[in-house]
Amino acid sequence: MAARRVKIELEGGRGEQPVSQDGTAGRAVRDVRVGATDAVLDGRLVPARVLREEGAVTAVEIEGVSIPVRTARERNRVFVWCGGRTYEFHKAEAASSRAVRHSAHAGGLLSPMPGRVRKLLVAEGDAVVRGQILLVLEAMKMEHAIRSPRDGRVGSLPFQEGDLVEAGVPVAEILE
Amino acid sequence: MAARRVKIELEGGRGEQPVSQDGTAGRAVRDVRVGATDAVLDGRLVPARVLREEGAVTAVEIEGVSIPVRTARERNRVFVWCGGRTYEFHKAEAASSRAVRHSAHAGGLLSPMPGRVRKLLVAEGDAVVRGQILLVLEAMKMEHAIRSPRDGRVGSLPFQEGDLVEAGVPVAEILE
Amino acid sequence: MSPLPKRILIANRGEIAVRIARTAREMGIDPVGVFASGDSGAFHRRAMSQSLDLGPGPAYLDSGRILEAARAAGADAIHPGYGFLSENAAFARAVTAAGLLWIGPSPDSIEKMGGKLAARARMREAGVPVVPGSDGSPGEADSGAELARRAAQMGFPVLVKASSGGGGKGMVRVDRIEDLAEALSETRRVAEAAFGGGRVYFEKLFERPRHVEVQVFGDSLGHIVHLFERDCSVQRRHQKVVEETPSPALDDRLREAMGRAAVEAARAVEYVGAGTVEFLLDERGSFHFLEMNTRLQVEHPITEETLGIELVRAQIEIAAGAALPRAWQDGSLSPRGHAIELRLYAEDPFEFLPRTGRILAWEEPSGPGIRVDAGVGTGSVVGVDYDPLLAKLVVSASSREAAIARARRAVSEWIVLGVETNGRLLAAVLDSAAFQSGKYATDLIASLDRPREGEPPDAAWIAAASALEAPEPASETGTGTSRGPEDPWQVRSGWRPGA
Amino acid sequence: MSPLPKRILIANRGEIAVRIARTAREMGIDPVGVFASGDSGAFHRRAMSQSLDLGPGPAYLDSGRILEAARAAGADAIHPGYGFLSENAAFARAVTAAGLLWIGPSPDSIEKMGGKLAARARMREAGVPVVPGSDGSPGEADSGAELARRAAQMGFPVLVKASSGGGGKGMVRVDRIEDLAEALSETRRVAEAAFGGGRVYFEKLFERPRHVEVQVFGDSLGHIVHLFERDCSVQRRHQKVVEETPSPALDDRLREAMGRAAVEAARAVEYVGAGTVEFLLDERGSFHFLEMNTRLQVEHPITEETLGIELVRAQIEIAAGAALPRAWQDGSLSPRGHAIELRLYAEDPFEFLPRTGRILAWEEPSGPGIRVDAGVGTGSVVGVDYDPLLAKLVVSASSREAAIARARRAVSEWIVLGVETNGRLLAAVLDSAAFQSGKYATDLIASLDRPREGEPPDAAWIAAASALEAPEPASETGTGTSRGPEDPWQVRSGWRPGA
């Protein structure tokens, strides 16, 4: 039984203090090492054993008390049902790569949800004013307008009408 | 998409004519080849496509009509839910190996069910009469007595009290 | 009564298609399904004896292809479910013209209730109280003085609406008389763009109304009854999230008055089949007709649970010409206990933004008092092209308090991994003092404090780390991501993004 | 009434442990589970807030270790479920002596109903009709003439039984007076070997009786009520398979008489909590006391469904000293519609031999009128050491006919792959003319024709071939077979064969 260290992060950050735009404040990250009879959480030793069935974790025994859980993993993300609630975790990126990911799209507007581009209301190079609707996303019968955060000029517009867009990807760039 | 031939057999045989002791009568065996757009069942061509999700077959489309099914496989056995019923199939053995399997235990009594040996009432070498209880199996709160099919002498008794026994394995041998 | 149909084509998807198929099977009727090519992995197909591919695009709205599928499958009836073509009078006519049984109200009834303004006028004539407002007559918007007079009479705020609109589209709130004319113009522009025009009007806007609806049922012999109410005040983005019956806001007098009004409303359009009359209940306890839904309602199960009846079965029998069951007519039906429906949506629980992905694990709550009508299962892919409703949890118990406790237990028990759901919102509603007191209005969700949540317990961190450090199981790789448009048959996962 | 317990230890496994945990959660009580080391993969553990390892061997019967676990977990009450220690008076006393709340009847009540002969005598005194028979008095077997006289009086056949027996063990049918003495001797021998002796007696054997039981409930204030009947005549190997309520064999007069007799039976032992009085109903419509089960019954959910009540909640409240709910006492409870329970066993459907293995796929039926109380799920291993009951399907509908159709739909919908079940037997019972007519007796299953079944449809052959020719998924290899006694923690599948 290996006891490798994994650095994992709670998706969405601490409940009361969500992850900030720059990706620093509110992050809930822990260093966890799971051994055969104990686990180490951020340096704290916890007598713990893990029960696995069919590739999923179904119980965690801490100090002799077995608590039911249920995990499902998809690549570097893992979903955990525990105590009647569901959490999502992922392998934590190094702070530097996270900062890069955030800064890379500093001028870009990210899609707040997955969806289809229903309408493109501007073209690259157009002058826009703050609050102006740039494009409209639609998902599950709900429309969502993406507005310009400031006066400026439209830089790149990577999607066309009808395109499928994932959540959190840049959908428009506004240049100063 | 491969189109290998598989020879498969329905567990339990034809419903109205169960598989006989010697393993010949009542067997329901078919040669099946599944291609991308059709299947061949015992030489009969059927336009058919198979929908797979998560490693299981979930629908079979025959002549444009899609029928829900559900499969689960364990080694050479496969369970199929179809039309509100469940079937079990396995890869068909060659007739010779099947005959061997049956004849190998001609002198032996097979366990009719999985269970634990609760009581051994005879010892190797004991003389027994027809109908005498040799041992008692217990499973799921149910007891099942294994009786001698004829007068004779006890040959091998491979299990001890408390042993776990699978279904269909020899539990006692009665010599003439 | 004509004989029952032998094979019903269910022109829908998701939980309602599954639910209708179940009743069909119980009646000895063969349920046949349809699916859009881009939706070939859809869960509802499993409930059908067979299903047919409608082809690419928004196929569930394509009446021609659906009728073609019905012909190909040898179906003799069509059940439209809710949404899609269920309130499309032209489709209802085409179904009948094709010689098939239409399981729904007559196209005339659908049309009469389809336009909001016409329905309002009809209800006023029938003596049913409607929400005070303008009548949207063609010259109305030009007559500033007349509009101002009416608005002043009922008091601000008012809500400007398009007669042909729906889902909150084009609705504008107006707080001051000075803004009214502009709002009417804006809604007219939106209506032209979205619904091809139609009239525009305004209604009094109640700040904290309850949304209470009454289930009605008519037969072709002219009988019309009501089957008590459902309280649908717990909403987000003008869509229902939690419904309950009986409504904690009604006393027997009000219940009877609303039931009578609902029957009058249905009678005014000679209603046959299952329908729902929606009312706003204002803070002073007066009720006002809002609209009539001429189809099976999403939240119909709570009525089934408290009354011990089966609405889809009745829809089919009555479409075939049967009379209403005697017990529905003789006043012997009465609600027993309490029922709550909770809608599980694929969306962020507090921002209400859609969420997509593959459901890696799906385990429904069960046991006493629990019914789940689901449209997905383990392995289902939730995409962007359809409604975010994954399943409905329907909870029954002998009292409202016990039903809330049971619902809370069931929400905790539900394991849904891989796609974020509004499960935490459902828990927060059930935990809220407002919901528990029964004294809440349509602003309940908007006024909820986002629950304070500590960090996950140690067990969750340890489980997560253990799952992440193990080698990834083969069966969980490579699925759940978008694929190109290859043939879904014979590929590893049948799903591809909707075409 | 004392305060409710805060943490209940559930001294059981399988579906009943899950079912009790659900109610505990709904009452705000923490459910704590236990498991035998050899049963560490048991499904019921998922329903608990935590569970404790009882160690190896037949641990669910080890009262010392269970009390130790309750202490370690800080539990303040114990619910025994059914089976195991539920009717063990010594355990009930030990629980109370340990300062814990015992959720069940008093040890005295358990003892008074525990011996069959003593219970028969007590019932006769209380005026409850018992099955005619001998009284098992010590000298009885020696008095050949007296025995012969009694047997001749009631007529043959008779059934010889051991007072301390159960599950059909040691029962011998006797058709002629000449065989009686020998049968009594044989049963005495079996009883000595199996139960350590005890008295032996005989009862009249009814050839085609119905088995109808009445749910009773008492509180510590001396109130005792009945909660109507359950018909449990569909049996195999003396175990129930399908139960229904109301019984199609009772009219109102008989229902009232049996209810009254059941209350008298319970009153005779000062019964507190949930109990069941079992009667045989002979072909002439007379009923006879058989035994009383001093615990929650497996088939209690059908009573919950038709009455809209919650028996486990009532057990807990009444154990804490509450009075029976007012509605149970004032006669306002009455059954609504019809409910049927079907027991899904891991066994050959027509030979009734146990089946074991790993459940590769498990998908429960759902939708209107369906409740499933399950003790297994996908991945569960069914071994030889415990009861073969996998789950109970509880179906409700407005009529018996609709309930049968619904049950048939639900059985077809249930996907259980990997372990053979009695699903086809359940379908055959529902399809049989005898069951549908309501005119059946305990010989229904024995007299069923094994259904004629054609070969599987082409789709099944094609699906099977396609599944067998694909490479076997990694997640399905190497599980489901017996393992050595290695540590179940941290191995791929937590199960190992019971120690």
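Letters A, B, ... are given to chains in the order of the sequence lines, protein chains preceding strands, and every chain is numbered from 1. Computation of the quantities below employed the complete heavy-atom set of this structure, encompassing side-chain atoms and omitting hydrogens, waters and symmetry-equivalent molecules.
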Item to check | Test: Glu455(C) and Arg30(A) ion pair at under 4.0 Å | outcome: yes
Checklist outcome for this item: Under 4.5 Å to a heavy atom of chain C? For Thr86(A) that would be side chain
Checklist entry - Are Trp81(A) and Tyr87(A) an aromatic pair by the rule of ring centers under 6.0 Å? => result no
Checklist outcome for this item: In terms of heavy-atom pairs under 4.5 Å with chain C, the winner among Cys82(A), Ala48(A), Gly84(A) is Gly84(A)
Checklist entry - Is any side-chain heavy atom of Asp431(C) less than 4.5 Å from a side-chain heavy atom of Arg408(C)? => result yes
Checklist outcome for this item: Honestly, the part of Arg355(C) sitting under 4.5 Å from a heavy atom of chain A is both
Checklist entry - Is the backbone of Arg75(A) close enough, under 3.5 Å, to the side chain of Arg73(A) for a donor and an acceptor to pair up by distance? => result yes
Checklist entry - Has the side chain of Ser111(A) got a donor or acceptor atom that lies under 3.5 Å from a matching backbone atom of Gly168(A)? => result yes
Item to check | Short side-chain to backbone donor-acceptor contact, Glu124(A) and Leu157(A), under 3.5 Å | outcome: yes
Checklist outcome for this item: residues 343-350 of chain C vs chain A, non-hydrogen distance cutoff under 4.5 Å, contacting residues -> Ala346(C)
Checklist outcome for this item: Most heavy-atom pairs under 4.5 Å with chain A, out of Thr356(C), Leu468(C), Leu353(C), Asp387(C), belong to Leu468(C)
Next on the checklist: If you count heavy-atom pairs within less than 4.5 Å of chain C, which of Gly83(A), Gly115(A), Ala167(A), Gly162(A) leads?
Outcome noted: Gly115(A)
Checklist entry - Is Arg118(A) salt-bridged to Glu161(A), cutoff N-O under 4.0 Å? => result no
Item to check | Cation-pi, Tyr386(C) ring and Arg13(C) (6.0 angstrom, 45 degrees) | outcome: yes
Item to check | chain C contact via Ile62(A) - side chain, backbone, both or neither, heavy atoms under 4.5 Å | outcome: side chain
Item to check | Interchain contact, Val6(A) with chain C, by part (heavy-atom threshold 4.5 Å) | outcome: side chain
Item to check | Between Ala361(C), Gly418(C), Pro457(C), the one whose heavy-atom pairs under 4.5 Å with chain A are most numerous | outcome: Gly418(C)
Checklist entry - chain C heavy atoms under 4.5 Å from Glu143(A): which part of the residue, side chain, backbone, both or neither? => result side chain
Next on the checklist: Within the 4.5 Å heavy-atom criterion, are Arg295(C) and Pro80(C) side-chain neighbours or not?
Outcome noted: no
Next on the checklist: Do Phe352(C) and Leu425(C) make a side-chain contact, defined as non-hydrogen atoms from C-beta onward lying under 4.5 Å apart?
Outcome noted: yes
